[in-house]
Amino acid sequence: MKGMLELIVGDPQADRAVPPTGLTARLTVFVAGVMAFLAVFALAISLTTGRQAAIWADELAQSATLRLPADPEMADDLLLSAVEVLETTPGVARVRVLSSDEQQALLEPWFGPDLPLDSLPVPQLVEVVADDDGYDIDGLRARLTAQVPGAVLDDHTAWREPLVAAASRVRLIGWAVIVLIGATIAAMITLAAQASLAANQQVIRVLRLVGAKDVYIARAFVRRYTLRAGLGAIVGTVIGVAGVQLLPSDDQVGSILMGVGFDGAAWLWPILIPLLSAVVAFLATRAAAFRTLKEMT
Amino acid sequence: MIELDNVSYGYGDTTLFSQLSLTLAPGSFHFLTGPSGAGKTTLLRLCYADLRASAGKVRLFGQDAAVLDRDAVAMARRRIGVVHQDCQFLDHLNIAENIALPLTVSDRANEAAGNLQELLDWVGLAPQSGQRPPELSGGERQRAALARAVIVSPEVIIADEPTGNVDWEMSQRLLSLLVELNKMGKTILIATHDLAMIRSMKSDVSARVLRLKDGQLTQAGAEL
């Protein structure tokens, strides 16, 4: 922490001891900027997927669908029994019988808008919404089996688990991409710092001859690369965040892009990207500098 | 201050010198002479731990140079001012910044202002302080190198052919500066092949003249 503070405050005299390296400096800023830009998108996708997975999981976990047999003679009795069972089950907050129009809307993608629902044996659907405590699904199934023969209670587990698993994997991949981006920044900075140290061997020799310790020499390089990486990352992050903001929102494109972006406290994450880039650059340059200085002995 | 005890140095199968001993006592003045290639520069580099002896012991201020880590070597070098034959400047810095470099690297840059102006006047380089090393003449560079060597007020000053690239008048001026430093209590070791210059200084300073030839270090005699 003390080292980082010293870096920020800096020592202009020490900085001047090492000559500026134009191309390496520009490349470092550019690569750090590009990596930060990519990190913003990886972060946005990861956070959005996580958020969406949580929403889906909550929504699906709280609701279930009861399907009653399509028997025109017993339909009303079965529905009455089912509603009675459901309404007397602890943990069930709401029971809603889907109307004909709603059922027709559900079938429309497969059978078209002109389906004569009244003349077809279509099972009656009932939406069951749990309260915060939830209900005993196995107990409810047992009661329904006994009192409403042929009724099937679907708690959406078959849908929910693969959906949440897929979302979790996408989120994990997003974080892995961010880690890879961090590793790439570290590798790039290490190479640039090593090249710069090698190009400045004579300067380092003179500094040592006049009594410079390794930490003094390293500090000039570390400060330079840390600030370059931080600056590049700030520019890349700003452009990346602007790019994310330009993406269409979920109400414009449905759920395909899921409204990729940052929400609430998640806005803190992009702010961390330049900071983390600078920390990665600090550690990478410091390690490279001390290693190279040791080899130059 | 600096002591070489039965020191040998070589590279590959070549031995430059062996079992060589030298003691630089506080306040002493030594000239080191010898033909080109005899190993004068190598001997000097051993004295400021820029090289490690193949055998024997080099002691810097009482410490065995062989066991000093890089930081300890840096600390020892802050007590030794070195005037290199080729001056060894940083060409992207101006002369004032180059002269102040030993203070800068010791995190004592705030001490530079007063010392620096005094030194620039002392070596007659105040008008050239803003120029970069390649813009200076050989003599000016040598004087700047001397100023850099003394800015931290080191206990020992080692100069490698400090008059090699300058005319007679300038060489006399540089040597006068070194004699002046010796009178201030500094220990001086100068490597030179210029015997005429040594002769010219004999009346000004009580110096010990050593000759390095064929791997042997001897007291110079009749030729002086």
Least distance between heavy atoms, A:Ala212 atom then B:Ala74 atom:
O-CB, 3.6 Å
Sort out for me which of B:Val152, B:Asn98, B:Val82, B:Asp50 touches chain A most, counting heavy-atom pairs under 4.5 Å.
B:Asp50
Heavy-atom side-chain proximity of A:Leu207 to B:Leu90 below 4.5 angstrom:
yes
Per-pair distances, 0.1 Å, donor-acceptor, side chain in residues 143-151 of chain B, under 3.5 Å, sequence neighbours excluded:
| unit_1 | atom_1 | unit_2 | atom_2 | d |
| --- | --- | --- | --- | --- |
| B:Arg143 | NH1 | B:Val123 | O | 2.8 |
| B:Arg148 | NH1 | B:Gln88 | O | 2.6 |
| B:Arg148 | NH2 | B:Cys87 | O | 2.8 |
| B:Arg148 | NH2 | B:Gln88 | O | 3.2 |

Side chain to side chain donor-acceptor pair (under 3.5 Å) with B:Glu3: which residues, sequence neighbours excluded?
none
What distance do B:Asp69 atom CG and A:Lys294 atom NZ have between them, rounded to the nearest 0.5 Å?
11.5 Å
Is the count of non-hydrogen atoms from other residues, nucleotides or ligands lying under 6.0 Å from B:Phe61 atom CZ greater than 12?
yes
Above 12 or not: heavy atoms from other molecules or residues under 6.0 Å from CH2 of B:Trp122?
yes
Would you mind telling me which of A:Asp214, A:Leu209, A:Ile217 has the largest number of heavy-atom pairs within less than 4.5 Å of chain B?
A:Leu209
So with a 6.0 Å cut-off around CZ of B:Arg52, is the heavy-atom count from everything else above 12?
yes
Just wondering, are more than 12 heavy atoms of other shown residues or ligands nearer than 6.0 Å to NE2 in B:His193?
no
Give me the atom names and distance for the closest heavy-atom approach of A:Gly211 to B:Val105.
C-CG2, 3.9 Å
Between the CG atom in A:Asn200 and the NE2 atom in B:His92, the distance rounded to the nearest 0.5 Å is 8.0 Å
